[in-house]
A.B. asks: 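Below is the structure I would like to discuss, written out as structure tokens.
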Amino acid sequence: MKPKKTPTGLGRRDIMISAGLAMAFPGLAAAKLTAKAQRDREDLELWYDKAAGPWVEALPIGNGHAGAMVFGRVAQERIQLNEMTLSAGGPYDPLNPAMLDALPKARALIDAGRFKEASDLADRDMIARPKSQMPYGAAGDLFVDFKGLSQPSAYRRSLALDTAIAATQFTCGKTRYSREVFASAPDQAIIVRLTADRGTLDFDLNYRHPRDVKYGETHYNGSGESLDLTGAAWDATESLERPKRPDTLSIKPDGAAALLVEGRNASSSGIEGTLRYAVRVAATGDGKITARDDGLEVRGATQVTLVVAAATSYVNFHDVGGDPVAAVRARSVSALRKPYTLLKADHLAAHRALFRRLSIRLGQAADTRPTSRRIAAAETTPDPALAALYVQYARYLLISSSRPGGQPANLQGMWNEGTNPPWGSKYTININTEMNYWPAAAANLGECFEPLLRMVEDLAVTGAATAQRGYNARGWVAHHNTDLWRATAPIDGAFWGLWPMGGAWLCTTLWTQYEYVPDDAFLKRLYPLLKGASLFFVDTLVEDPKGRGLVTSPSLSPENIHPGGVALCAGPAMDRQILRDLFAATLSAHAVVKDPDTDFAKVVAEKRGRLPADRIGAQGQLQEWLEDWDAQAAEQQHRHVSHLYGVYPSGQINVRDTPELIAAAKTTLNVRGDKSTGWATAWRLALWARMGEGDRAHSILLGLLGPSRTYPNMFDAHPPFQIDGNFGGTAGILEMIVQSWGGEIRLLPALPSAWPEGSLRGVRAQGGIELDIDWSDGKLKQAILRGRPGTHADVSYAGTRKSVLFDRKGLARFV
Ligand code: FUC
């Protein structure tokens, strides 16, 4: 019998051998694989020969609800914790009471071309009070201080993406020490396993409360190597900052071998912190374990398991009445009933159920350098496997930060060091949150949309109040940002905030998942959201005074200043494009769910027909605004490319149906340039890939993978850290290999010359289809598709288009 292959391309025996060896001699496993297995091996590990100094060298784990950054330091392990509902503030409604009165005045000023006055008025009377939303926080650090550990040899620290385990191994004296840390979704806890193969483990465990952190470039030198922040990181120790411990924090023993931390969240911008949180650390093992006043003491052990549970009193955006202490006790007590082997087995099964659906190989994976060095050399040394690793890392990050029942991935996924994160680590919905979900459908992670769907269900509630009180409109609206409390009013200032399209874009993002996996239950939840989002625009679109159709006003093209000196305007291209998609999705869904409200469908179709078309300007560019202002805009290389939404992620402007607009989009992108912030570089990559320009996309990708856009732990650098680039970059890489739009699946539509060999298995396409493709010498070798028996799919490759039929087993072949 032929041995079964797993989706990673490894036979089960290979995996068993490799796992066994890896346990005994980390680092040796790869060397012992057969040459063929080695060649076919997927690159699924981040690894380092040094402990983490700065935070961006530490390795992330997460179970969609709590997570940690693991530093792998020898003398003092640092495990920095996050809980996704631990944000500042409490339920609040920041709508500016003057908004509704100001609305017609702002519109009239915009119509009259008095943009600056409109913007000033909006700043005063339309922007929320407070004008900032509530920042996400951190859940503190665990410090594990080991007695007598120094001068390690054979040090290795890794994050294995297929097991979702952060491991550290080293030798001190004659003892081999090993640590495994993972965030278990089934047990809702972070599990830390510490072993010593001889000798003993003696340590004290303490908790440091959340605090402000200094962010920015000073944090990291961009070279791909450790900053000399803490000296030799392996014996770095950080202070507990005891003197500054807040009065609201309590740390005490909770039974003989557990520590219970209870705290309050922070207040922010005048909104009182009303959340309580709890962290419980329980230990079990073979030494003497004692819970002291504010820490755990372990002596003479050879193996110890720590179960770390974290929770807050957050129930939902208007209820903070949960009991975090009861939650952490229940979780840690139930986890401790299981032996470590079972905790680990259950974790592996839950993780692999999602992770193993897709495999990707780009060239050979035999690179043995530490990941940080590969990143440092990414722009100069060919390393196609690094791009494949980037894809699998993003899938790992999404599985870890966006699981059903939890919060959606925020600006930093869920990993955040301090109480003052960049941009509040909220949900910026004028690009960043949507980008987080760009790869999810194609990368076969549909379940990860569930938290986003639930957030949009909340926004449809809070956004209905904003629509009604701020615009006297039906339906619901969200502007450019939201937070844990689902605030929907325009924030920060008119320049950023007065953009009513955030909710609509989230809806079209969710619609993508339905297009990929047409599931009735999903659509049943999505349709009311689409309908409400559309209704808002049915009520608020206004006539363009120059007779060009219906426009949004006031609005803006995200964060870009037009020649009027401000961002505020009417009917920017992106709004029209998003509305075309929103209305089309709403009409399709209306038909599928058989909504009897035919008047609604009629009015949506009529309004859709009156949205001004995309325009080509005097420079041959795709116009960002209704007026031909692009050449006079102050920032020609602006990071946002909002008006190219129509190209990607939407497919309304495309190489097949609208070649003139594609040519204009290219002109625009050439002006914008290839290098930008992390996420903006990723968007450029996805755009060139969508337009079939593989080599251009690849050269942009190298810039994204290099050390100025990727930290040593492979987190995307805006800078500072923002996770959207990891996800957008991954969506772009997948677009280079398979595309699915306009009723067609395109194979190798933008394959760069740098990737002549490879395979992608388990990628998804629209219409519930999954496919595996292999290529070599830059040519398609094989494509196997899985779909609904008896149905067809249109597939094209290198100019040939074929309709393939799924047989009785649901299989079809293209070649
Ligand atoms: C948008 C972008 C910024 C940043 C922030 C979180 O405002 O313009 O570059 O990504 O979101």
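We count ligands from 1, going down the list as the structure has it; atoms in each ligand are counted the same way. Excluded from the calculations below are hydrogen atoms, water molecules and symmetry mates; all remaining heavy atoms, backbone and side chain alike, are included.
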A.B. asks: Pairs of nitrogen or oxygen atoms closer than 3.5 Å, one from Trp423 and one from ligand 1: do any exist?
C.D. replies: no
A.B. asks: Give a yes or no on whether a salt bridge exists between Arg469 and Asp93, defined as a side-chain N under 4.0 angstrom from a carboxylate O.
C.D. replies: yes
A.B. asks: May I ask you to say whether Glu450 pairs ionically with Arg403, meaning some side-chain N is under 4.0 Å from a carboxylate O?
C.D. replies: no
A.B. asks: Would you call the rings of His640 and His638 parallel, tilted or perpendicular, taking 30° and 60° as the class edges?
C.D. replies: tilted
A.B. asks: Does the pair Arg696/Asp674 count as a salt bridge with the N-to-O cut at 4.0 Å?
C.D. replies: yes
A.B. asks: Give the residue and atom name of whichever protein heavy atom lies nearest to atom 11 (O) of ligand 1, and the separation in Å to one decimal.
C.D. replies: Asn432 OD1, 3.1 Å
A.B. asks: How close does the nearest protein non-hydrogen atom get to atom 7 (O) of ligand 1, and which residue and atom is it?
C.D. replies: Glu559 OE2, 2.4 Å
A.B. asks: Quick one: sort the Trp415 and Phe715 rings into parallel, tilted or perpendicular, breaks at 30° and 60°.
C.D. replies: tilted
A.B. asks: With heavy atoms only and a cut-off of under 4.0 Å, state how Trp496 meets ligand 1: side chain, backbone, both or neither.
C.D. replies: neither
A.B. asks: What's the shortest distance from atom 9 (O) of ligand 1 to any protein heavy atom, and which residue and atom give it?
C.D. replies: His718 NE2, 2.7 Å
A.B. asks: I need the atoms of ligand 1 closer than 4.0 Å to a non-hydrogen atom of Leu411, numbered in the order shown.
C.D. replies: 6 (C)
A.B. asks: Which residue and non-hydrogen atom of the protein lie closest to atom 2 (C) of ligand 1, and at what distance in Å?
C.D. replies: His640 NE2, 3.5 Å
A.B. asks: Evaluate the ring planes of Tyr471 and His479, with Trp represented by its six-membered ring, and classify them as parallel (under 30°), tilted (30 to 60°) or perpendicular (over 60°).
C.D. replies: parallel
